[in-house]
Amino acid sequence: MTTKKTFNDLGLSEKTLDAIIQKGFEKPTTIQALTIPVMLRDDTNIIAQAQTGTGKTAAFGLPLIEMINENSKAVQALILVPTRELAIQVSEEIHTLKGSKGIKTTPIYGGQAIDQQLRRLKNGVHIVVGTPGRIIDHLHRRTLKLGGIEHLILDEADEMLNMGFIEDIEEIMKHTNADKRTLLFSATMPARIKDLAKKYMDGYEVITAKKEQVTSNLTEQIYYEVKASDKFEALCRTIDIEEHFYGLVFCRTKSDVDAVATHLGERGYDAEAIHGDISQAQRERTLGSFKRQKINILVATDVAARGIDVNNLTHVINYSLPQDPESYVHRIGRTGRAGNQGTAITFITPNEYRQFMFIQRIAKADIKKAKIPQVADIITAKRKKIHDDLATLLADKIDSDYFNWAKKLLDDNNPTEILAALLSYSFEEELNPDAYGEIREYGQRGKKGRRDTSDLEGKARLFAALGKKDKINAKKIVNLILSRVAVKPNQISGIQVMDKFSFITVLFEKAEKIVVSFQEKGRKSLITHARKK
Ligand code: ADP
Ligand code: MG
């Protein structure tokens, strides 16, 4: 998403530039730098392709804002979007970008009381952002007139086609004037989109933002090879080893989404489901609580998660393999945004290996095989967190009732014993390794995809007291080790970087050398053997 251009170079007005500053955008994204000048130049039709999360809304929203005539009360632009969530999101984005201009925009979608929408339409709206079904309703009721619009924008066009909106779109187009300008924005460009453009757009310019620019290098991409029946256990371990997991879990089908979310709930996680069969109102509530981080796990289908814009995600989990390379790229584009570190983890079953390699090759993604977090490592992580939480507690003022109680307990008991009893009372369940099920581990595969059975033998797991908080990543850890011990980089594997610490797998014979090389007199060693269960 890098471009040398600044917003000042694109032909936008002072008012709009002010609004951009207010909004906090510093630099245009590539698709914005490419689209905005063309939209402002003349009235060419455009089809623009750029991946999810690259700011397509502002790419058309900003020039649109420039071109709206505030003094007219007529609807001048219609933006069609596939879902209610997007209608609201796009409408809000435009609202925040319009700055001091007196532009009115409103979302129009099914599920919302129609008379409320009627009132807003009657009062005059310049930009309508709507879902196809409800727009057609209004056209039939003659409560919305599109015979004089300047701009028709099809946003997330690929998704609208995927959702079967083609006939609705054609119907809506019939109600519009021939001299309007049509703009089509899409994350992908399947043939059906080009057919649509050929049929309805009388000449158009194609703008494409290159793909490589988007797979964020702030996203660490790894995969686990697990049996289908072990996936859920692997998911729990993945969540548990993190100090603070905030992630999207993708499943292919609605019933998988329901099953995973329900099971997570049963195991005490704050997880919710979102997919097409869940009522709009419920979806919106769920999304709201996810955004506010009231829940930290959102289980979703691709369609339901499409266009959902949440920042700071620590993880994207591909619980089921994405259908194709593009969908892989979309899914993982949800993390590693805006300078934040993120991890994308794909679960593959052994017989999905080939399909997965295909995805990896086409998506030009560098996805490393990793070991599923080991129970012993999770327990270590949890203990560490308890330590930290206790330290925080000690820094705060503790209620005097507890002090008095503590004194009484200490008077009557041996301090170590009473503390041990208290810890066991509080954390026995949480720290019980038997709460985790067994997972069959699959070894590394060779170049041809054949499994190298020797892989898991003769290796040891190390614990490093360095993590993301120390600005550490897998590469830095490898370099650190290489700076002290001669190890071939391919003898180091399974690196997992957590918030405050990391795990590394190395050959047995090297493990000991590494541990020793990091020992310093009188100090806690930076790298030690990970505890075994
Ligand atoms: P897309 O439609 O391409 O998936 P969005 O328009 O939903 O992407 O934008 C994704 C996020 O990026 C939004 O939160 C938006 O406010 C933000 N964004 C857009 N343009 C910029 C920019 N130039 N600088 C920083 N953030 C931006
Ligand atoms: Mg979008």
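We count ligands from 1, going down the list as the structure has it; atoms in each ligand are counted the same way. We number each residue from 1, following the sequence as shown.
- Residue K56 holds the heavy atom nearest to atom 2 (O) of ligand 1 of all those in K56, Q89, E93.
- Classification of R285 and E272 as a salt-bridged pair fails, no side-chain N sitting under 4.0 Å from a carboxylate O.
- Every atom of ligand 1 is numbered from 1 in the order shown, and the set under 4.0 Å from a heavy atom of T57 is 2 (O), 5 (P), 6 (O), 7 (O).
- Within the set F7, F25, F60, the minimum heavy-atom distance to atom 17 (C) of ligand 1 is found for F25.
- For the pair D43 and R181, the salt-bridge criterion is not met [side-chain N within less than 4.0 Å of a carboxylate O].
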Next on the checklist: ring-ring contact (aromatic ring centres under 6.0 Å, His included) for F245 and H315? Distances and angles first, verdict last.
Outcome noted: CA-CA 7 Å; F245 180 97; H315 286 75; 4.8 Å; yes

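- In summary, E205 and R41 engage in a salt bridge, as defined by a charged side-chain N under 4.0 Å from a carboxylate O.
- Of all the heavy atoms of Q32, the ones lying under 4.0 Å from any atom of ligand 1 belong exclusively to the side chain.
- At under 3.5 Å, not a single nitrogen or oxygen of A58, backbone or side chain, sits near a nitrogen or oxygen of ligand 1.
- Close approach of ligand 1 to Q51 is summarised as follows: ligand atoms under 4.0 Å from at least one heavy atom of the residue are 3 (O).
- A heavy-atom distance below 4.5 Å is not found between the side chains of T343 and T314.
- In the vicinity of T54, heavy-atom distances shorter than 4.0 Å reach the ligand 1 atoms 1 (P), 3 (O), 8 (O).
- Between E93 and K56 there is no salt bridge, since none of the side-chain N atoms of the basic residue sits less than 4.0 Å from a carboxylate O of the acidic one.
- Ion pair K500/D388 flagged as a salt bridge, since at least one NZ, NE, NH1 or NH2 atom sits closer than 4.0 Å to an Asp/Glu carboxylate oxygen.
- Within ligand 1, counting atoms from 1 as listed, the ones closer than 4.0 Å to a heavy atom of K27 are 22 (C), 23 (N), 24 (N).
- The Mg ion (ligand 2) has an N, O or S atom of E156 closer than 2.8 Å.
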